[in-house]
Amino acid sequence: MDITGVVAIISVFGIIPLCIFLVHRHRERKALIEKGLSAELLVSATKDRTQESLKYGILLIGLAIGILVGNILDEYTRMSEEVSYFSMIFLFGGLALLTFYSLAKKNKE
């Protein structure tokens, strides 16, 4: 079983958005400093870090379950390796985000 390709694709699609985010954040902060404002304006005081941690925790659990189910499908069905892994990773990642959304919505009410 060789999942090097899967890991490479996931890494590429994870690194590119991260670089874009970091460059954008740097430009925002640089513009604020040039105007004489504090970069602390970008940090929301009301933002709850526990909600963010919960979201990423549920997402990572969903991705791990997706990888496990993808491996099971790859081993015990005639489905190709790429299709089994990618479909299950996206399926369980999406289900994890929907689960977080429902939990967050219930906590707001």
Side-chain angles (χ1 to χ4, degrees):
M1 180 177 76
D2 184 29
I3 62 169
T4 307
V6 174
V7 172
I9 290 172
I10 291 172
S11 297
V12 167
F13 285 109
I15 290 173
I16 291 172
L18 178 65
C19 290
I20 291 170
F21 168 75
L22 291 175
V23 168
H24 180 68
R25 186 177 73 171
H26 175 71
R27 287 182 183 163
E28 280 181 337
R29 291 175 188 261
K30 194 169 143 183
L32 282 174
I33 291 171
E34 287 175 358
K35 290 181 179 179
L37 301 173
S38 173
E40 292 181 11
L41 294 173
L42 297 175
V43 179
S44 174
T46 61
K47 190 173 184 180
D48 190 9
R49 295 288 181 188
T50 58
Q51 289 287 333
E52 192 172 324
S53 297
L54 178 65
K55 177 173 67 174
Y56 290 126
I58 291 174
L59 177 62
L60 290 174
I61 290 170
L63 293 178
I65 292 171
I67 291 171
L68 290 173
V69 173
N71 186 22
I72 292 169
L73 285 176
D74 180 38
E75 294 293 324
Y76 296 108
T77 65
R78 295 162 87 172
M79 191 180 290
S80 69
E81 179 180 4
E82 293 83 14
V83 172
S84 64
Y85 278 105
F86 281 116
S87 63
M88 292 300 109
I89 288 171
F90 288 131
L91 174 70
F92 283 98
L95 288 174
L97 290 174
L98 288 174
T99 302
F100 169 75
Y101 175 75
S102 66
L103 287 172
K105 188 176 178 181
K106 189 179 357 175
N107 283 343
K108 274 188 174 180
E109 294 175 353

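Start at 1 with the first residue, then count along the sequence. All values reported here derive from a predicted model rather than from experimental measurement. Keep in mind that the numbers below use all heavy atoms, side chains included, and drop hydrogens, waters and symmetry copies.
A heavy-atom distance below 4.5 Å is not found between the side chains of Phe100 and Leu59. Side chains of Met88 and Ile65 form no contact here, defined as non-hydrogen atoms less than 4.5 Å apart. In this structure, the side chains of Ile10 and Ile89 come closer than 4.5 Å at one or more pairs of heavy atoms. In this structure, the side chains of Leu91 and Val69 stay at 4.5 Å or more apart for every pair of heavy atoms. For the pair Asn71 and Ile67, the minimum side-chain heavy-atom distance is 4.5 Å or more.
The two atoms that bring Ser84 and Leu73 nearest to each other are CB-CB, 3.8 Å, heavy atoms only. Closest non-hydrogen pair, Gly62 versus Ala96, comes out as CA-CB, 4.0 Å.
For the atom pair Glu81 CD and Phe86 CZ, the distance stands at 9.5 Å (nearest 0.5 Å). Interatomic distance, CZ of Arg29 versus CD of Glu34, reported as 14.5 Å (0.5 Å rounding). Interatomic distance, NZ of Lys55 versus CG of Leu103, reported as 13.5 Å (0.5 Å rounding). Taken to the nearest 0.5 Å, the CZ atom of Phe92 stands 13.0 Å off from the CG atom of Leu98.
When the side chains of ILVMFWY residues are joined at heavy-atom separations under 4.5 Å, either directly or via intervening members, Tyr56 and Phe21 end up in two distinct hydrophobic clusters. Under the 4.5 Å side-chain heavy-atom criterion for Ile, Leu, Val, Met, Phe, Trp and Tyr, Leu18 and Val23 are members of distinct hydrophobic clusters.
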